[in-house]
Colleague: 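Shown below is the structure under consideration.
Just so it is clear, the structure is predicted and the values come from calculations on it, not from any experiment. Throughout, a chain's letter reflects where its sequence line sits, starting with A, and its residues are numbered from 1.
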Number of protein chains: 2
Amino acid sequence: MSIQEVARQAGVSVATVSRVFNLPDKVTPATRDQVREVARQLGYLPNASARTLRTQRSRVIGVVLPTLLNPVFAEAFSGIARAAAQAGYAILPCTTDYRVAQEDQAVQQLLAANVEGMVLVVSSPETSTALQRLAEAGLPYVLAYNRHAAHPCVSVDSEQAVADLVARLAGLGHRRIAMVSGQLAASDRAQQRCRGFQRGMAAAGLGLGTVLEVPFVETAVSEIAARLQAPGRPTALVCSNDLLAIRSLRAAHLAGLAVPAQISITGFDGIALGQDLTPTLSTIAQPNADIGQRSVELLVQALQPGAEPLRPAASLTLPHHFREGESCAAAMAGS
Amino acid sequence: MSIQEVARQAGVSVATVSRVFNLPDKVTPATRDQVREVARQLGYLPNASARTLRTQRSRVIGVVLPTLLNPVFAEAFSGIARAAAQAGYAILPCTTDYRVAQEDQAVQQLLAANVEGMVLVVSSPETSTALQRLAEAGLPYVLAYNRHAAHPCVSVDSEQAVADLVARLAGLGHRRIAMVSGQLAASDRAQQRCRGFQRGMAAAGLGLGTVLEVPFVETAVSEIAARLQAPGRPTALVCSNDLLAIRSLRAAHLAGLAVPAQISITGFDGIALGQDLTPTLSTIAQPNADIGQRSVELLVQALQPGAEPLRPAASLTLPHHFREGESCAAAMAGS
DNA sequence: TTGTACGCGTTATCAT
DNA sequence: ATGATAACGCGTACAA
């Protein structure tokens, strides 16, 4: 069903049909209605490829995420989708499974698809070749969750958040606090949160904290449980994200420890599910949907004809907050 | 960066450049390598819109899902993405938030985007206007999770699964078994599972089962908890999906009931997270990634030039299984 | 083996 | 207000 066919059936030129859809004011109400009716009957839909080719504007935003299996990114995706629809853009998402090679490939694919800009969550902005490629192509982009002085980012101050959290735990009487982190090399967020942890530990006079790095999801629970059964076990576990915190809850159970009576556990991300668990998850809540939404808004702004290019200084640090849950309490006296 | 530019710089015609990428055998190795080199230097990527317009093949599959916030669909999406990439297709996802109007809109958008086919999870195939539209457009499609005699579907036998589950619970001594369901009108799966529940109850000689319909996520926990505190509370809760089961676990806790000692709770879907909870979730596990994958494979098959159109008879019923968890046990004697 | 030229469906320019 | 037509970037039939 093409514009040609509609024009023929309506007895007008293709130009008129095109105008009916794009500049309805420039056409007589009578013919306008008639063309619309014909189009409706024929089920005509303007061909997006042809339009993109002709206008050099796809009205599509590319989205690069590690995975949608982690609800934190699914939540951000919702925000992205909403904001994009709001601004009249479609979105084309790609997942990378935290693999740098896939980031590269995703960016390539999105470039070929003529996206006008991208919102990305990359492993590490510092070393990302995908970002280099993007910069070379001169395509506007915004990083979400990532934090880096050389790029426009929308994120929260993870480092500060974790440092404050450690202070809070210390205030609750905890002395042996350990961090549970995913693969540090795979994400700048993990690194920032780890730095925040060490900063908090030092500030609380607790020395160098121990970090348990659990690279593989499959073995995470048993590794954490093992650590909890070793001598000198921590009384509080600061987890780098909510999924790890949930696994830590499980590990504590397997180790025979009651939460929060014998051990406190905190997460990071604020996924909705945390509030339905028992115990409810104490966590540093990020405004995930907002992060997605604001990223798109920033991008769309830069996509306006005649807009300034996006500068790193446009970066946004959104507020986070500690979400009080049942998984965290004062340290037992004498423990 | 267009094919023109590459041709100019390489000193060949655009036809040759095109052939280098599409029919590399039909061009001399020497010129082929040289063109490739020039293309690489210039960062040339074939324009997908132009290619789609010219070939009338987009190599894109549209995907319509209720939401990605429910991990069951995020898991299916992974399978879809994997299978599509495998077959050389890109995917264009849309979420509908369980709203029929959005389904319609999504299908429209995907049609305009020239997708070659679609994989959809709709609210109810019976009443879906979006599916009608699709059929009219003559575009191949596969339904995932939905189950309907008039459409090609990839799903599990939810009704049988729940009926079997009720039999199992009855075998464990449970007599007062209730179902917790989301909005029945919003999903054919919920209806099937409900039918399975009633069938199982009747078969076990337990009469007509009571179904607690909790339409709103926000109030689900308190509604369930209220039911658990009313007289004649059930000793087992059969939940229509895992997220509801998780909320039921919470509700049981709030009602002061121990799981599974005082009440058994089962889910449906088999989201990965269920295995990390405490208690681990007893659930009917669907092969979510497989459902997505097989849906795409079915679709891709029908997309081959000269392939038969997709018939409802091509529908696939994949195996499910009861995943034994800690949230389910024998009924207390005398309860 | 390589090049020329047309057309895919649109939008936009320029006439009428 | 409306129509004729060029051009977007590409693939391919056909010519050389």
Side-chain angles (χ1 to χ4, degrees), chain A residues 1-36 38-39 42-60 88 90 108-116 137 305, chain B residues 1-36 38-39 42-60 88 90 108-116 137 305:
Chain A
M1 199 32 24
S2 80
I3 202 174
Q4 304 278 353
E5 187 64 13
V6 177
R8 213 178 53 74
Q9 300 242 4
V12 299
S13 74
V14 293
T16 299
V17 178
S18 177
R19 276 189 285 257
V20 167
F21 288 97
N22 300 303
L23 308 160
D25 300 332
K26 309 215 68 172
V27 61
T28 311
T31 54
R32 187 203 305 160
D33 294 346
Q34 192 230 350
V35 168
R36 280 193 177 138
V38 173
L42 271 51
Y44 166 73
L45 294 172
N47 183 308
S49 300
R51 172 177 283 173
T52 295
L53 184 58
R54 168 65 229 219
T55 62
Q56 304 290 65
R57 298 203 59 186
S58 62
R59 301 232 142 246
V60 174
Q108 293 269 19
Q109 189 188 328
L110 294 175
L111 284 174
N114 305 308
V115 300
E116 293 183 32
Chain B
M1 195 37 19
S2 80
I3 202 174
Q4 303 277 352
E5 186 64 13
V6 177
R8 213 179 51 73
Q9 300 243 4
V12 298
S13 74
V14 292
T16 299
V17 178
S18 176
R19 277 190 284 258
V20 167
F21 289 98
N22 301 303
L23 309 159
D25 300 333
K26 309 214 67 172
V27 62
T28 311
T31 53
R32 187 202 306 160
D33 294 345
Q34 191 230 351
V35 168
R36 280 192 176 137
V38 172
L42 270 54
Y44 167 74
L45 293 172
N47 182 307
S49 301
R51 172 178 282 172
T52 295
L53 186 57
R54 169 65 230 221
T55 61
Q56 302 291 67
R57 299 202 57 186
S58 63
R59 300 234 143 245
V60 174
Q108 293 269 19
Q109 188 187 329
L110 293 175
L111 284 174
N114 305 308
V115 301
E116 293 184 31

Colleague: OP1 or OP2 of D:dG9 sitting under 4.0 Å from any side-chain N/O of B:S2?
Modeller: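 So the side-chain polar atoms of B:S2 never come under 4.0 Å of the phosphate oxygens OP1 or OP2 of D:dG9.
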Colleague: Does A:Q56 make a side-chain N or O approach to OP1 or OP2 of C:dT11 shorter than 4.0 Å?
Modeller: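 So the side-chain polar atoms of A:Q56 never come under 4.0 Å of the phosphate oxygens OP1 or OP2 of C:dT11.
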Colleague: To the nearest Å, how far apart are B:R8 CZ and C:dG3 P?
Modeller: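 That distance rounds to 15 Å.
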Colleague: Provide, to the nearest angstrom, the distance between the CD atom belonging to A:Q34 and the C1' atom belonging to D:dT2.
Modeller: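 So the two atoms are 13 Å apart, to the nearest Å.
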Colleague: Under 4.0 Å, counting only non-hydrogen atoms across every strand here, what does A:L23 touch: a base, just sugar-phosphate, or nothing?
Modeller: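 No contact.
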Colleague: Please check this pair: side chain of A:T55 against backbone of A:R51, looking for a donor-acceptor N/O pair closer than 3.5 Å.
Modeller: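 Yes, the answer is positive, given that a donor and an acceptor are paired below the 3.5 Å cut-off.
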Colleague: Is the phosphate of C:dT11 approached by A:N22 (side-chain N or O, under 4.0 Å from OP1 or OP2)?
Modeller: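 Checking C:dT11 against A:N22, a side-chain N or O does come within under 4.0 Å of OP1 or OP2.
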Colleague: For a quick check of understanding: with a heavy-atom distance under 4.0 Å over all strands, which category does A:Y44 fall into, base, sugar-phosphate or nothing?
Modeller: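 Sugar-phosphate only.
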Colleague: Hey, which sits more toward the 5' end of DNA chain C by its nearest nucleotide, A:M1 or B:D25?
Modeller: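 Nearest nucleotide further toward 5': that of B:D25.
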Colleague: Check whether any side-chain N or O of A:T16 sits under 4.0 Å from OP1 or OP2 of D:dG3, and answer yes or no.
Modeller: yes
Colleague: OP1, OP2 of D:dA4 versus side-chain N and O of A:S13: anything below 4.0 Å?
Modeller: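 No, because none of the side-chain N or O atoms of A:S13 sits under 4.0 Å from OP1 or OP2 of D:dA4.
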Colleague: Does a nitrogen or oxygen in the side chain of A:T31 sit under 4.0 Å from OP1 or OP2 of D:dT2?
Modeller: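 The answer is yes; a side-chain N or O of A:T31 sits under 4.0 Å from OP1 or OP2.
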Colleague: Nearest 0.5 angstrom please: A:Q9 CD to A:Q34 CD, how far?
Modeller: 10.5 Å
Colleague: What I'd like to find out is whether the side chain of A:N114 reaches to under 4.5 Å of the side chain of A:V60, using heavy atoms alone.
Modeller: no
Colleague: Enter the distance from B:R36:CZ to B:T31:OG1 here, rounded to the nearest 0.5 Å.
Modeller: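 One gets 10.0 Å once the value is rounded to the nearest 0.5 Å.
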Colleague: Would you mind reading off the distance between A:K26 atom NZ and C:dA12 atom P, rounded to a whole angstrom?
Modeller: 12 Å
Colleague: Can you name the closest pair of heavy atoms from B:L45 and A:A112 and give their distance?
Modeller: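 What the structure gives for the nearest pair is CD1-N, 4.0 Å.
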Colleague: Nearest 0.5 Å please: distance from the CG atom of B:L42 over to the CD atom of B:E5.
Modeller: 6.0 Å
Colleague: On DNA chain D, does the nearest nucleotide to B:R19 precede the nearest nucleotide to B:N47 from the 5' side, or the other way round? Give the residue.
Modeller: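 First, find each residue's nearest nucleotide; the 5'-ward one identifies B:N47.
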Colleague: Could you check A:I3 against B:T28 and say which one's nearest nucleotide on DNA chain C is further toward the 5' end?
Modeller: B:T28
Colleague: Rounded to whole angstrom units, what separation is found between the CD atom of A:Q4 and the C1' atom of C:dT10?
Modeller: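 In whole Å, C:dT10 C1' lies 9 Å from A:Q4 CD.
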Colleague: Among C:dG3, D:dG11, C:dG9, which is the nearest nucleotide to the side chain of B:S18?
Modeller: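 Of the options given, the side chain of B:S18 lies nearest D:dG11.
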Colleague: A:T55 side chain N/O closer than 4.0 Å to the phosphate oxygens (OP1, OP2) of C:dT10?
Modeller: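 For C:dT10, OP1/OP2 do not have a side-chain N/O of A:T55 under 4.0 Å.
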Colleague: Between atom CG in B:L53 and atom P in C:dG7, what is the gap in whole Å?
Modeller: 14 Å
Colleague: With a cut-off of less than 4.0 Å, is there a side-chain N or O of A:R54 near OP1 or OP2 of D:dA7?
Modeller: no
Colleague: If you assign A:V14 and A:R32 each to the DNA chain D nucleotide with the nearest heavy atom, which residue ends up on the more 5' nucleotide?
Modeller: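 Nearest-nucleotide comparison on DNA chain D picks A:R32.
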Colleague: If I take atom CG in residue A:N114 and atom C1' in nucleotide D:dC8, what distance separates them, rounded to the nearest angstrom?
Modeller: 11 Å
Colleague: Confirm from the modelled atom types if B:R57 and D:dG11 form a donor-acceptor pair under 3.5 Å, side chain to base only.
Modeller: no
Colleague: Could you check how far CG of B:L45 sits from C1' of D:dC10, rounded to whole Å?
Modeller: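 Distance, rounded to whole Å: 14 Å.
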